[in-house]
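One structure is given below, encoded as structure tokens.
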Number of protein chains: 2
Amino acid sequence: MARQDERSATTQARILAAARTLFLGRPYADVTTDMIARAAEVTKGGLYHHFPSKEQLYVSMMLGDLEGKRKLFEEAVDMGGTCRERLARLTRDFLDLPDEESGLMRLVRRDVNTFGGEDRDRLVRAYQRALPEQVEAIVRDGIRNGELAPADPRLLSWSFVALVEIVIGDYAARVLGDAETRLDHVLGLFFEGAETVPAKVMA
Amino acid sequence: MARQDERSATTQARILAAARTLFLGRPYADVTTDMIARAAEVTKGGLYHHFPSKEQLYVSMMLGDLEGKRKLFEEAVDMGGTCRERLARLTRDFLDLPDEESGLMRLVRRDVNTFGGEDRDRLVRAYQRALPEQVEAIVRDGIRNGELAPADPRLLSWSFVALVEIVIGDYAARVLGDAETRLDHVLGLFFEGAETVPAKVMA
DNA sequence: TTACCGACCGGCTGGCCGGTCGGTAAGTTG
DNA sequence: CAACTTACCGACCGGCCAGCCGGTCGGTAA
């Protein structure tokens, strides 16, 4: 009995993994259930035995992965320290993610418009819980303790996320180099801006 | 003869306008040629009389619109003044665009992955010419004359564009209000960053 | 040993959609 | 007016793909 459940679980995991890879490569409509099944080494019948529809398969995969990200980033929110330190930790965690995992965050935003109604809402909420809301919590603290200038925290957190997204990707990697340099770039831009600083903190 | 050409041109324009509206609303694959034809008050035969394929229709629409944007933003690049003034002008032009027009910039980035090969390249190039390269030109000047801290200009311009994109959209409009306030927010964030300024320029 | 269950198979189908094609009528040219 | 070109029509086709369903088989329980 445990034997059967285990088998079923690994098959589902295989299907989800195959789906993730394929959906990352091409738009939702261009990924066929046949492709997913073949990549997961199952037949379409097997696939439909575990998932009721292509859409539910996609949503299941995404919700599961986003929940994982949420837990990961939560550590940065819960740790102590300044706003900047906590954002640094969160960003480092993000930058250290393998390509396939960080690509998911862009994937949600790309495909969210594909769905409507309930599924769309669930995806949006899961994404917001995973990343922007956690950044927002840190930003909110930063504003409260005077580290950040007063502003709408949600808007600031979206801005921060957008800056981080830019630093992923080949061009930034080529120009800036390793993760630590990219991290410095994002934090510097977000906190101090792009203009020349008029000689700060010179002791 | 002028009569026929004129008729043909208005029909094409009607088709392009209908396509633009529909493509903005749903992903490429979910927009059918029937829908476009019906919205443009033509039949599918009529549509295919003017455009060789769905893909070419999309590309034609996008290239035309992006070229319009390029011309618009070029004015900010060519005008005199500081880096900040020129970016302000460009951003103001962007923010003053009707929703349908500014949505196109997000649309390209969303749909670019749908196509491959030649068409994809043409779209990417047209987008880059329309917005990021022009911002980059201004940013490059800003770095050269010491207004901006030394950094990779392309990365900076992408960051700026990303910040502007956030300020479009309902939430920012609700929180920040009119275009001028949103403009100040973007420029402030980009130039001075989010942290509390240590009492600047107090005369 | 028997009865059953659940994982998985894979052929099939119905609908949808991009694209075609033969036709018509209005406009243009000589 | 005759010959023709052009804008447009709409029925139709072929391929593709999500989802279905009748079946097989290895395990599990009584």
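Proteins get letters first, then strands, A, B, ... in listed order; numbering begins at 1 in each. FYI, side chains are in, hydrogens and waters are out, and symmetry mates aren't considered; it's all heavy atoms of this structure.
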Should dG10(D) form a Watson-Crick or G-U wobble pair with both distances under 3.5 Å, which nucleotide is its partner?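 Pairing partner, where one exists within any strand: dC21(C).
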Hunt down the Watson-Crick or G-U wobble partner of dA2(D), both distances under 3.5 Å, from any strand shown, or write none.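 The base-pairing partner of dA2(D), which may sit in any strand shown, is dT29(C).
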Taking [atom1] from [X] and [atom2] from [N], how many angstroms apart are they, rounded to a whole number?
X: E55(A); N: dA18(D); atom1: CD; atom2: C1'; result: 12 Å
X: I36(A); N: dG19(D); atom1: CD1; atom2: P; result: 11 Å
X: Y58(A); N: dA18(D); atom1: OH; atom2: P; result: 15 Å

Which heavy atom in I166(B) sits nearest to a heavy atom in A162(A), and how many Å separate them? CD1-CB, 3.7 Å
Listed pairs, N/O of protein and of nucleotides 22-26 of chain D, under 3.5 Å:
none

Can a donor-acceptor pair be found between the side chains of [X] and [Y] at a distance below 3.5 Å?
X: D152(B); Y: Y171(A); value: yes
X: D5(B); Y: S8(B); value: no
X: Y58(B); Y: D111(B); value: yes

Under 4.0 Å protein heavy-atom contact, by nucleotide of nucleotides 8-17 of chain D - B base, S sugar-phosphate only: BBB------S
Is the shortest side-chain N to carboxylate O distance from R84(A) to E147(A) below 4.0 Å?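 Judged by the 4.0 Å cut-off on N to carboxylate O distance, R84(A) and E147(A) do not form a salt bridge.
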Would you call R109(B)-E165(B) a salt bridge at under 4.0 Å N-O? yes
Result of checking R92(A), R89(A), R70(A) against E75(A) for salt bridge (charged side-chain N to carboxylate O under 4.0 Å, His left out): R89(A)
cation_pi(K69(A), Y127(A)) dist<6.0 Å, angle<=45: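 No, a cation-pi geometry is absent between K69(A) and Y127(A).
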